[in-house]
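Residues: numbered from 1 along the sequence shown.
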Amino acid sequence: MKKIFGALSMVAAIYSLTSVALRRGHYPKANGVYPYVLVLGAKVQRDGTPTNALRYRLDVAAAYATRYPHVHVIVSGGQGFDENHTEASVMKRYLTKQGIDAARITEEDRSTSTYENIVFTHKLLPEMTQVTIISNDYHLERAKVLAKWQGLKVDTLGAKTPGGIRRKVREREKLAILRAWLFGR
């Protein structure tokens, strides 16, 4: 009985820690100091338009890039098996339509995971040591952890998460945060 209680206590503690971590992802909040902003990819529609989750990220990125015109924007995301376009190309097109100069945007178009978003972007821009990460609010803590494993200093900006997926992605993310803490992936 003690072993079962101990195991349940451990699960409850991990669940609590990862729940707190979801909220911690918003800090430190970006203020235009870092020279790069990395917008993490998300699924795109077959017709080449962003899903709501991605559109929310891009709207935050467009506002940030407009407010801080010295910041270089990196859009990161490859092409999933059910996508007709790379996430990066869709993101760049969306941002240029929002008035962001295409010359300020670098595309990283090979990644298929958050880990790869960060690793491939860092390989593409090895001089990058500080970066602002933009993603949906639930996703920020894991992205920060993964970036720190790559030696990057990070601040963040969160976009809202679409209501229809909010509960599912938050619960799944708790396990992903735990994996990132332990293994850097």
**Item:** From CZ (Phe120) to CD (Glu108), nearest 0.5 Å
**Value:** 6.5 Å

**Request:** Mark yes or no for whether His122, through its side chain, and Met128, through its backbone, hold a donor-acceptor pair below 3.5 Å.
**Result:** yes

**Prompt:** Do Arg104 side-chain atoms and Ala65 backbone N/O form a donor-acceptor pair below 3.5 Å?
**Reply:** yes

**Message:** For a 4.5 angstrom cut-off between non-hydrogen side-chain atoms, does Pro35 reach Gln130?
**Reply:** yes

**Message:** So does Thr49 get a backbone contact from the side chain of Asp47, meaning a donor-acceptor N/O pair under 3.5 Å?
**Reply:** yes

**Asked** Is there a side-chain contact between Arg142 and Tyr115, using heavy atoms and a 4.5 Å cut-off?
**Response** no

**Asked** When you check the side-chain N and O atoms of Glu116 and Thr112, is any donor under 3.5 Å from an acceptor?
**Response** yes

**Request:** Indicate yes or no for a side-chain donor-acceptor contact from Thr51 to the backbone of Lys43 under 3.5 Å, with no hydrogens or angles considered.
**Result:** yes

**Side-chain donor or acceptor of Asp109 paired with backbone N/O of Ala88 under 3.5 Å** = no

**Prompt:** Short question: side chain of Asn84, backbone of Arg46 - any donor-acceptor pair under 3.5 Å?
**Reply:** yes

**Complete:** Across all chains, not counting sequence neighbours, the salt bridge (charged side-chain N to carboxylate O under 4.0 Å, His left out) partners of Glu107 are Lys92

**Item:** No-hydrogen, no-angle side-chain donor-acceptor test under 3.5 Å, Asn117 and Ser76
**Value:** yes

**Asked** Under a single-linkage rule joining Ile, Leu, Val, Met, Phe, Trp and Tyr whose side-chain heavy atoms are separated by less than 4.5 Å, which residues share a cluster with Val60?
**Response** Val37, Val39, Val44, Leu54, Leu58, Tyr64, Tyr68, Val71, Val73, Val75, Val90, Met91, Tyr94, Leu95, Ile100, Ile105, Ile134, Leu157

**Message:** Using only atom types and a distance under 3.5 Å, with no angle test, would you say the side chain of Thr121 pairs donor to acceptor with the backbone of Ile118?
**Reply:** no

**Prompt:** Does the side chain of Lys153 come within less than 4.5 Å of Thr129's, by heavy atoms?
**Reply:** no

**Fill in**
Nearest heavy-atom approach of Arg67 to Pro69 is O-CD, 3.3 Å

